[in-house]
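Within every chain, numbering begins at 1; the chains are lettered A, B, ... in the order of the sequence lines, protein sequences first and strands thereafter.
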Number of protein chains: 2
Amino acid sequence: MKPSHIPAPAIKRLSLYLRHLEACHARAEQTISSRQLGETLNLTDAQVRKDLAYFGPFGHPGIGYRVKDLIAQIRRILGTDRTWKVVLVGAGNLGRALAAYRGFVAKGFELVAVVDSDEAKIGQTLPGSDSLTVLPPSALPDLVEHDGVRMGILAVPAACAQQVADQMIAAGIKGILNFAPVMLNVPDDVGVAGVDLAVHLEQLSFRLRVASDEDAPDDS
Amino acid sequence: MKPSHIPAPAIKRLSLYLRHLEACHARAEQTISSRQLGETLNLTDAQVRKDLAYFGPFGHPGIGYRVKDLIAQIRRILGTDRTWKVVLVGAGNLGRALAAYRGFVAKGFELVAVVDSDEAKIGQTLPGSDSLTVLPPSALPDLVEHDGVRMGILAVPAACAQQVADQMIAAGIKGILNFAPVMLNVPDDVGVAGVDLAVHLEQLSFRLRVASDEDAPDDS
DNA sequence: CTATGTGAACAGCTTCACAGCG
DNA sequence: CGCTGTGAAGCTGTTCACATAG
C-alpha cells in the first residue's frame, strides 16, 4: 500500500530522475540500478529506492529498473503523460524570452497563448514563438473554458503580480509559475511555484561570502 | 555564540524576509514583530525569531525589530551590502532576456558582461542592456581577474552546459546560477543554484493531477 | 550474488513553551 | 504587559540494515 503522505522533496527528485532517465534512454540503456541513478544526482541508493517505492514496486530485484518503463511511470505520476496547455501572462522582457524559450515544450507543456494588459502590446506577434499574438486579460476565462488551459506562467512586475494572479485564478487557472519576487496569496486549490532570481543569486552570494572572505566576520 | 551550522532553508527565508522588509521600509514602517513578519510569509513567529537569532540578537524585547537595521543586517549576512559583478554566459533566447531583465540589478548584482561561444554572436550588442557586447569565452579569465567577476549566470543548451561550466570554473568563477536542465558537476568550493523551468512546471503538474481527482487513479 | 523494498534508527528542521528584558 | 531569544519536545525526511526475490 502507498503512504498517504509523500514528502515534497521526493516529488522534486522525481523530476530529476526523469531527466536523467531520458538521457539514459537516449543512450539506449535498458536498465539502471538505484545506485547508478543516485550517484549522478549525489543521492544515496536508498533515497532513490524509497522515492520510487512511494508510488509502486517499479523495480526488479537483481536487475534494477527498466529505463523505458520507469520513464513512463514517472511521467504518469507527474502528470506529464498528457500535454498541459499553458498561458503566459506578461509580455515584458522576461515574458518574451520565456515565450521564445523552448526548453519545456517537448516535456509535456505547450504554450498556447500570451496575455498582457498593456494596450500597446495587445495584437503584437511575438517572434520566435509559433506566431502567438498577445491577447488582453479578458481572454483568460475563454482560454480556460474553451481551450483547456489550466496552468499559467506569471511574468509581470512585482507591483501588479498579486492583482494579475487574482485575475488568473478568477478565470479558473489552477497552477501558477510565478516569476515575480512576491509571495502570492492564493486559495488552497491553486498551486504556486516560485522562481525568484534575486533569491537564488542571494543564496550564491551567501555561500561565496562565507567561503571566500572573512575580513569582517561579524560580532564578538 | 552562534551555531556552527545554519540550516539551508533558513538562508532561503532570509531572502524572503529581506524582500518583505524592503516593502515595509518603502511604507515608512519603523519596526516589525516576528509575528507580523511571519504571517505574510506563512511562517510561525518562532521560525522567524530562530532564523534571525542564528546570526545575532537583532531584536528588541517589547518592541520587535527595527526595519532599517534589520535590512542592513540581512544584506550584510547575505553579502549583498556590496555589489556582485556577474557575467552572463549564453546569449540565446533565455540569455538575451536575462540580460534585459532588470529584476536583480538593484539588489546588489550588476551584469557586467555577456559571453557566448557562437562566432556569429560575438561582437553583437544586446538591446535593452547597457550596451553590453557579446564576448568570446576566452574573455572569461580576464573578467574574473581584472574586472572582479565572481558569479556567472549559465544560460546555454543542456548539451554543452557542463563543458561551459568547466570553462567558467577554470577561469575562477565561484558561483553559478544554472538555467540548463542538467546537474552540474563542480568542485566543493564552487556554489551552484539551479533554476529548472521543466522541474517547476512538473511540480505544478503533479499538484494539479492529484488535486483534480481523476479517471485513472493509479496502478492495480 | 545482485539489487529491490522497507521497518527501524538517525538527523535535521520546526514548533512549543518559557525565562528574561524593556 | 509585549516581544525576543532559546533549550526541549516533536515531527519530517534521510540513511541504515536486512529480509526477500530473481
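- Rounded to an integer number of Å, the gap from CZ of B:Arg66 to C1' of C:dG22 is 11 Å.
- Each end of the helix from C:dC1-D:dG22 to C:dG22-D:dC1 yields a helix axis from five base pairs, and these two axes differ in direction by 0° (to the nearest 10 degrees).
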>> Strictly under 4.0 angstrom, non-hydrogen atoms only: write out the protein contact profile of nucleotides 14-22 of chain D, one letter per nucleotide from the 5' end, B, S or -.
In response: SBBB---BS
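- As a whole-Å value, the separation of A:Ile6 CD1 from C:dG5 P is 15 Å.
- Using a 4.5 Å cut-off on side-chain heavy atoms (C-beta onward), B:Glu202 and A:Arg19 make contact.
- Side chain of A:Arg209 to main chain of B:Ile77: a donor-acceptor pair is present (N/O by atom type, distance under 3.5 Å, no hydrogens or angles).
- Nearest heavy-atom pair across B:Trp84 and B:Gly79 is NE1-O, 2.7 Å.
- B:Val164 has its side chain within reach of B:Met168: a pair of non-hydrogen atoms, C-beta onward, lies under 4.5 Å apart.
- Within the structure, every side-chain polar atom (N or O) of A:Ser34 is placed at least 4.0 Å from both OP1 and OP2 of C:dA3.
- Proximity of B:His25 to B:Leu21: side-chain heavy atoms (C-beta onward) are nowhere separated by under 4.5 Å.
- Distance, A:Phe58 CZ to C:dG5 C1': 13 Å, rounded to whole Å.
- If you take CG of B:Leu14 and P of C:dC13, they are 15 Å apart, rounded to a whole angstrom.
- Rounded to whole Å, the distance from OH on B:Tyr65 to P on D:dG2 is 17 Å.
- No side-chain donor-acceptor contact under 3.5 Å links B:Arg75 to the backbone of B:Thr80.
- If you take CG of A:Leu52 and P of C:dG5, they are 8 Å apart, rounded to a whole angstrom.
- Taking CG of B:Asp147 as the start and CG of B:Leu140 as the end, the distance is 11.0 Å to the nearest 0.5 Å.
- In this entry the distance linking CZ of B:Phe55 with C1' of D:dT6 reads 16 Å, nearest Å.
- Residues A:Gln73 and A:Leu52 are not in side-chain contact: their nearest non-hydrogen atoms beyond the backbone lie 4.5 Å or more apart.
- Between the side chains of A:Glu110 and A:Thr83, no donor-acceptor pair of N or O atoms lies under 3.5 Å.
- If you take CG of A:Leu70 and P of C:dA3, they are 16 Å apart, rounded to a whole angstrom.
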